[in-house]
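Note sheet for the following structure.
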Amino acid sequence: MVAEGEAAALEFTPTWIVAAVCSIIVLLSLVAERCLHYLGKKLKKKNQKPLYEALLKVKEELMLLGFISLLLTVFQGMIQRTCIPAGWTDQMLPCQRPVETVGGAGATEGHFVASGILGRIGRRLLSEGGAAAADHCQKKGKVPLLSLEAIHQLHIFIFVLAITHVVFSVTTMLLGGAQIRKWKQWEDGIQKDAPEKGTDNKVTHVRTHEFIKKRFKENSAILSWLHSFGKQFYGSVSKSDYTTMRLGFIKTHCPGNLKFDFHRYMVRVLEADFKKVVGISWYLWVFVVIFLLLNVNGWHTYFWIAFLPLFLLLAIGTKLEHVIAQLAHDVAEKHSAIVGEVVVKPSDDHFWFGKPRIVLFLIHFILFQNAFEIAFFFWILTTYGFDSCIMGQVRFIVPRLVIGVVIQLLCSYSTLPLYAIVTQMGSCYKKEIFNEHVQQGVLGWAQKVKMKKGLKGAASKAESIRSADSAGPSVKIEMAKAGEDAEVVGNTE
């Protein structure tokens, strides 16, 4: 018989328990896989290729999580048997150790139990393998690098973080998409009233145009920035904004089609961007590691870091609103009256470093960091409890949660819709301007042209070599010199 409180090995565990647990795990896994498969088929049936690719990205993230979990499981024995001096564990602790666990065997046990943090119901029982690793290091006067319990908790945290990020990203896209779909009625009204040909010869006084009146702040750059900052909180995009930016896009990129469905194009671009937002890039994992490193007792790192995405989000919203103001400013400064409608000119110069795509990377970072804050909070709550030292004081917890909710709502209802329309005011259009069949045709044509150029280049080079071989050594020397001169010219350019 197994002694009371002692963990039973698999060889002494009843087979019905092993079979029942495995059945439940396999059943849950198959249900989740079938649900994702059914969702993918439904998206493909509805011709939602960007959303289907986003679903594939989610599957990739789940696969990465499984691989991380596998590595932690495979190497947990080696990690436990890796011994370090006990003095190394006295620095950069998430919580201050109780006095009775400092030094000697108490230090080993304290480090073994999740960096010295004791649960609300007393010390946790250590597994036989963990106790053996602790004894192995204790004989050397050292402590294990990481306890078995800490590895298990790290498993849970990584899983909770990834799932929270996916859920938050999907929520943001759904809420933001619902806001953007409200603009569909504007698009339908514009297309209904749009003339077949651009024959509108009426004279428009620029300063009295609704878009210019709302967005142009004469001789006051500071007032313009302040107005842009406040505008993101209420009515971030009005009908006059949408109408004017839509016309500017069409006049710049497809002037022959005044009934171009700008709203549909914008939604397709947003769906394509969702695939990038829902993933967890390598630099975001670096961000996680750095913040885990800085979670030191007394620093209140997670409280101060909670303000970072909020400031970034406000800066992005202000910048996007200011881009609209700059478009109005360019027209108002150049013209007092024009024939026809007011037409803005899209340009990359209005964006940071001339790259509208930077905004997408920042939104990606903001959503992940906000998910990190919320995931960390719930992980600590379920693992150690609300009153644990690693949770922190209430005056630091409540602002973090409030900031997280504000970020989620502001990003969904203001920043994301702003991003969807304002980033179309760059110098270039996206490939989503074409439908899927045209995209495939254009990409296939481009690849064929590239292959033909490569074949022609290789053929001409081979012909040159054959000519040089037949002409003799002196010609080869001259060709080599010419090649070196051309290389120097190319590098200078």
Side-chain angles (χ1 to χ4, degrees), residues 179-180 182-195 197-255 257-260 262-263 265-266 314-352 354 356 359 414-415 417-429:
Q179 189 75 3
I180 293 171
K182 294 180 180 178
W183 301 345
K184 179 62 177 174
Q185 57 184 348
W186 297 345
E187 180 72 30
D188 294 339
I190 294 171
Q191 290 200 23
K192 183 179 179 181
D193 299 335
K197 296 182 180 179
T199 56
D200 190 0
N201 294 322
K202 69 175 183 179
V203 177
T204 302
H205 295 281
V206 173
R207 298 296 177 93
T208 60
H209 191 273
E210 183 180 2
F211 173 73
I212 303 298
K213 285 194 300 183
K214 289 183 176 180
R215 292 291 182 173
F216 177 58
K217 305 299 177 184
E218 189 174 6
N219 299 326
S220 180
I222 297 178
L223 184 60
S224 177
W225 278 103
L226 290 175
H227 179 264
S228 298
F229 175 79
K231 184 65 175 170
Q232 63 181 310
F233 300 109
Y234 65 95
S236 56
V237 178
S238 64
K239 184 176 180 180
S240 62
D241 297 334
Y242 181 87
T243 304
T244 306
M245 287 190 283
R246 174 189 180 276
L247 184 60
F249 179 89
I250 292 176
K251 289 288 187 179
T252 302
H253 300 301
C254 43
N257 184 13
L258 294 179
K259 290 194 174 184
F260 173 75
F262 179 69
H263 183 271
Y265 161 74
M266 186 173 55
L314 294 176
I316 291 173
T318 303
K319 178 61 178 177
L320 293 176
E321 290 284 357
H322 193 253
V323 168
I324 303 177
Q326 285 179 300
L327 294 172
H329 182 272
D330 291 345
V331 176
E333 286 293 317
K334 293 178 181 178
H335 307 283
S336 58
I338 57 176
V339 177
E341 291 291 336
V342 171
V343 179
V344 296
K345 182 174 178 58
S347 174
D348 287 345
D349 296 335
H350 297 312
F351 297 89
W352 286 315
V359 179
S414 177
T415 309
L418 269 174
Y419 162 81
I421 188 170
V422 176
T423 51
Q424 310 312 321
M425 295 298 101
S427 303
C428 303
Y429 56 81

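Residue numbers run from 1 in the order of the sequence given.
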Distance in Å, Phe260 CZ paired with Glu187 CD, rounded so as to fall on 0.5 Å steps: 8.5 Å
Heavy atoms, side chains only, cut-off 4.5 Å: are Val331 and Phe211 in contact? no
Approximate separation, where rounding is to 0.5 Å, of Leu314 CG and Ser414 OG: 9.5 Å
Indicate the atoms forming the closest heavy-atom contact of Thr252 with Pro346, along with that distance. OG1-CD, 3.1 Å
From Ser236 OG over to Ile324 CD1, what is the distance, rounded to the nearest 0.5 angstrom? 7.5 Å
If you apply the rule side-chain contact (heavy atoms from CB on, under 4.5 Å), what do you find for Phe249 with Met425, and how did you get there? CA-CA 7 Å; Phe249 179 89; Met425 295 298 101; 3.9 Å; yes
Could you tell me whether the side chain of Lys319 and the main chain of His350 form a donor-acceptor pair under 3.5 Å? yes
Taking the basic N atoms (NZ, or NE/NH1/NH2) and the acidic carboxylate oxygens, is any pair closer than 4.0 Å for Lys184 and Asp188? yes
Spacing of Ile180 atom CD1 and Ile421 atom CD1 [to the nearest 0.5 Å]: 9.0 Å
Is a side-chain donor-acceptor pair under 3.5 Å present for Thr318 with Gln232? yes
For the residue pair Arg246 and Gln191, what are the closest heavy atoms and their distance? NH2-CG, 3.8 Å
Nearest heavy-atom approach of Val342 to Ile212 is CG1-CD1, 4.4 Å
What are the two closest non-hydrogen atoms of Pro356 and Asp348, and how far apart are they? CG-OD1, 3.5 Å
Rounded to the nearest 0.5 Å, what separation is found between the CZ atom of Phe262 and the CE atom of Met245? 7.0 Å
Minimum side-chain heavy-atom gap Trp183-Pro417 below 4.5 Å: yes
Minimum heavy-atom distance between Arg215 and Asp241, given as atom pair plus value: NH2-OD2, 2.7 Å
Do Tyr265 and Gln424 make a side-chain contact, defined as non-hydrogen atoms from C-beta onward lying under 4.5 Å apart? yes
In this structure, NE2 of His209 is separated from CD1 of Ile338 (nearest 0.5 Å) by 7.5 Å
Beyond-backbone contact of Ile316 with Tyr419, side-chain heavy atoms, under 4.5 angstrom: no
Is Glu210 salt-bridged to Lys239, cutoff N-O under 4.0 Å? no
If the plane angle is over 60° it's perpendicular, under 30° parallel, otherwise tilted; pick one for Trp225 and His322. parallel
Start with the C-alpha gap between Asp330 and Lys345, add the side-chain angles, then the distance that decides, and say whether side-chain contact (heavy atoms from CB on, under 4.5 Å) holds. CA-CA 8 Å; Asp330 291 345; Lys345 182 174 178 58; over 6 Å; no
Can you find a pair of side-chain heavy atoms, one from Arg207 and one from Phe216, that are under 4.5 Å apart? yes
Here the pair of heavy atoms bringing Gly248 nearest to Val343 is CA-CG1, 4.1 Å
Run the numbers on Leu418 and Val237 for side-chain contact (heavy atoms from CB on, under 4.5 Å), then give the verdict. CA-CA 7 Å; Leu418 269 174; Val237 178; 3.7 Å; yes
Full working for side-chain contact (heavy atoms from CB on, under 4.5 Å) between Asn257 and Lys259: CA-CA 5 Å; Asn257 184 13; Lys259 290 194 174 184; 4.0 Å; yes
